[in-house]
Amino acid sequence: MQKYTPKDIEEKWYKAWGKNNLFAPSGQGAPFSIAIPPPNVTGTLHMGHAFQHSIVDALIRYQRMKGRKTLWQMGTDHAGIATQMLVTEQLAKENVSPSQLGREQFIQRVWDWKERSGKTISNQLRKLGASLHWDTERFTMDAGLSNAVNEVFIKLYEDGLIYRGKRLVNWDPLLKTSLSDLEVESKEEKGSLWHLRYPIADLEGEFLVVATTRPETMLGDTAVAVNPEDTRYKKYIGKTINLPITQRKIQIIADQYVDPDFGSGCVKITPAHDFNDYDVGKRHGLELINILNANGTLNDQAPKAYEGLDRFDARKKIVEELSSLDLIEKIEDHISAIPRGERTGEIVEPFLSDQWFVSADLLAENAIKVVENGEIDFLPKNTENIYFAWMRNIQDWCISRQLWWGHQIPAWHDQEKNIFVGRSEEEIRAKYSLATNVNLDRDKDVLDTWFSSALWTFSTLGWPEKTKELKTFHPTSVMVTGHDIISLWVSRMIMMSLYFLEEVPFKKVYVHGLITDANGQKMSKSKGNGLDPTDIIEGISLKGLVKKRTSNLMQPKMSQKIERNTIKEYPEGISAYGTDPLRFTFQSLASGSKSVSFDVKKVEGYRNFCNKLWNAGQYVLSKIEKKESKPILDAKINLDVNKWIQSELQACIRAVDFAMETFRFDLAVKAIYEFVWNEFCDWYLELTKPVLQSDESSDDEKNETKKTLITIIESILRLIHPFTPFISEEIWQKIPREYKEAADYIMVANYPISDSTLTDEQASKNICWLKETVTAIRNIRGEMDISPVRKIPIIISRGTEQDRLNLEKFEPLLKALIVPESITWKEPEDHNPLAATAIAGTMELLVPMENLIDKESELTRLSKELTKKNKEFEAIKKKLDNPNFIDKAPKAIVEKEDLKRQRLDEVIKNLEHKKSQILEI
RNA sequence: AGGAAUGUAGCUCAGUUGGUUAGAGCAUCGUCUCGACAAGGCGAGGGUCGUCGGUUCGAAUCCGACCAUUCCUACCA
């Protein structure tokens, strides 16, 4: 028999599905669509992607099997900054700089790179089993989407929602581009606070002390501000400062912004290099002195000695010079939040430059409404707080980037700095009747990548054309994403879709957690704790893993530590667990919590589960022969075991449906896991063995059992398919056609629907009795170290009439599961031998002690059992002794408790009796 | 500073609207080649549900305070 080997069964099916066009929307059901959060075209699949796409694929496959016309729209984005950086780095290895190459050639290089590497992520998604519709794959830079971007830009400009202006923006001096607020990360870092003495003009020897974390910015100071109420400084307001080094004179002004209790109560004002100072400057009409070049060096506004110096070298020099002038009061250690570019890690500077902005207020207003009124639901509900918080305090969005890779802004400038926005130079010339001697230059900036991503749900469906796809699949059904992306992307999609289509982009936003390592640490290259989903699917040696984690480190010093940790955590590397177990693990983690820790041990557990399912499949298939299908399929179901497992299956289907409706993927897979392993494998399969093997069971019984076996496993496979597509397809394909749903592939078979007529409570009760009885005997075996194959005599005592009936009915099954030497029924009044006792219901199961059972161990066992039961009894007694409980609690509860008390009382008396009997020996 | 979330077994997490003895996986211990499965079977141990108070007949669950951790937003130069 073939062993479960994920690799052997996973590779072939994806191709088969694709060949048969199963990824394309089909059928007449209500549309269900999801737009993939576009991965970076030059990127690779990371754990977050794998997690996210596993969830989406489960949703998509579930709805597809439910008969919906299902589209999972594939596409990638151009990731302006990340991709431009990457290609620049490649060029650097050839000792070529982008400027040497020129804009056009550089862009060509990026396209070349995209052609080469763009397939990596697609292939990884295929490996993951993602049932994406590849035929309509889109890319943010392709012609159609670029056209959509232009249309949106032009319309927003014409409607007055896009404007251009000189503003202070976040500037990355390495990339020499602006960044939006959301692309800047501020973290606390150690630094210094320099307290500078600024000499007051005309007052020899008097100073104002200002503090700063960036001394070099003093070269751009145009004022010193104090609080107007500050009595210490009132007298200086209106006077001037001789700004050291520069020899400029700057005013002392009064502004409420200054906190008199912080530091000296004096603040240097540098309007061109600080966001707060910018506002102060505006209020007071201060001059803006920009002292920086785009690359972070000082410009000609700085004294000659400083011109051309890098900002941090300038800082050192300023401090030295001030120090030699005795103008430094003190230097303190200081921790402050340092803003860094998300991609480059470079310290971002507030920088004065011409930029394009989307004014956000109007767009935000509508976007807030649709979430408030429930047109869009966030799941889990509280994630909408992130959305509201950002939306209600929205700032205008800086959309221009000084990059080459991206959508070039469709605007032209003439000599007089007039701006013309349009589809092309020709169109503009015609529209504005510009003479041929007017020179037009195209704006050099490109748009923020998120500008094109904001159109994603509709641009990928063909907008601005009124396509059939757009009509059918928009608004999309769900957006699945991480909470870190709500402001950056989700909110902007909502704004754009509302403005341009007057409908929401999606009806639901499911926000999943962030994948961390097994210790709850964020996975990162620099910590060396990251995992590549491909390595979990295909396996990797320890050596390979160490190499992966330690190569291209920003801090090579970490290398040894990373290696040690890796050896400790994965001494054997990672074995090839396969896609299905990885996917099942991700589902089990999707509980709605904010962060989810990923442990390879979990994958191992679910790999074992897949193995279990595999073996169960083997067992069932081995019992079914094609040629006898007729009597099997015609069989009527009479046996309790068969009715019971059907009931359990129905309950499981209901649980899965409920979980899927509420986006609790963890509960969905848990329901399946428990049903398959704990009921189907542990009990049902074992119970079919005596029926199928025994000569005493009739052909009818055998046939109905075979029928049930195959029915249940076939349903299980369809039930589990959205979560583990490959193993389910593999086993399902081996089931002879006549036993299964009419479909060529399980992927497009119908999803199981729960059928309440298949629920049989009496059968379930009876099987429950059987399980309890078996468990009780197994407990004695286990505790008494009696080998499971050794035959033991069993006496059943104090049983009810129902117990006796059950015993009769299930004797063959009991015999198979508990391997008794004999089973004897005794009436309560009969004398019982000394025996080990177990309780099932109120019935006593006795295993006579002779030669089998040790007195001491049985006493321990009885005591343990007694303690448990007594504790329980006390708790119930306490309740029932409370008159308030009897009075106020619902009758049903009180009766239930009372019944429990009676039963326990009986059980305890029996146990005590047994104990005293043994003590007497 | 403001906002939000989390705290349940050694670890990672479930626990629907308050109502049996608070569950699972992994880890631990004992035991078993029993014809699907040692990637397994069978059995066992392990928890004052962060702390304190309140509401209630009854609280892991509802309310308040506190402690701890995490995230987001804004940062005082």
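When reading the values below, keep in mind they use all heavy atoms of this one structure, side chains included, and skip hydrogens, waters and symmetry mates. Reminder, nothing fancy here: chain letters follow the sequence lines and each chain counts from 1.
- B:rC42 is paired with B:rG30 under the criterion used here, namely a Watson-Crick or G-U wobble arrangement in which both key atom distances are under 3.5 Å.
- Comparing B:rG43, B:rU21, B:rA14 by their closest approach to the side chain of A:Ser591 singles out B:rA14.
- A heavy atom lying under 4.0 Å from RNA chain B marks the following residues of residues 654-675 of chain A, by number: A:Arg664, A:Leu667, A:Tyr673.
- The distance between atom CD of A:Glu872 and atom P of B:rA22, rounded to the nearest whole Å, is 9 Å.
- A:Glu10 contributes no side-chain N or O that, together with a main-chain N or O of A:Gly578, makes up a donor-acceptor pair within less than 3.5 Å.
- Residue A:Lys381 contributes atom NZ, which lies 17 Å from atom C1' of B:rA5 at whole-angstrom precision.
- When both pairing distances are held under 3.5 Å, B:rA74 makes no Watson-Crick or G-U pair with any nucleotide shown.
- Per the geometry, NZ belonging to A:Lys771 stands 11 Å off P belonging to B:rG43, to the nearest Å.
- Ring pair A:Phe723/A:Phe665: centre-to-centre distance not below 6.0 Å.
- Pairing for B:rA60 is absent, judged as Watson-Crick or G-U wobble with the two contacts each under 3.5 Å.
- Rounded to an integer number of Å, the gap from CD1 of A:Ile893 to P of B:rA59 is 14 Å.
- A donor N or O paired with an acceptor N or O is found under 3.5 Å between the base of B:rC37 and the side-chain atoms of A:Lys612.
- Comparing B:rA22 with B:rG45, their P atoms are spaced 13 Å from each other, to the whole Å.
- A:His334 comes within contact range of the sugar-phosphate backbone alone, with a heavy-atom separation under 4.0 Å but no base atom that close.
- When both distances must be under 3.5 Å, the Watson-Crick or G-U wobble mate of B:rG25 is B:rC11.
- Applying the Watson-Crick and G-U wobble criteria (two distances, each under 3.5 Å), B:rA68 pairs with B:rU6.
- For A:Lys689 against B:rA36, a side-chain N or O and a base N or O form a donor-acceptor pair under 3.5 Å.
- Remark: B:rG35 base-pairs with no nucleotide in the shown strands. Criterion, Watson-Crick or G-U wobble with two distances under 3.5 Å.
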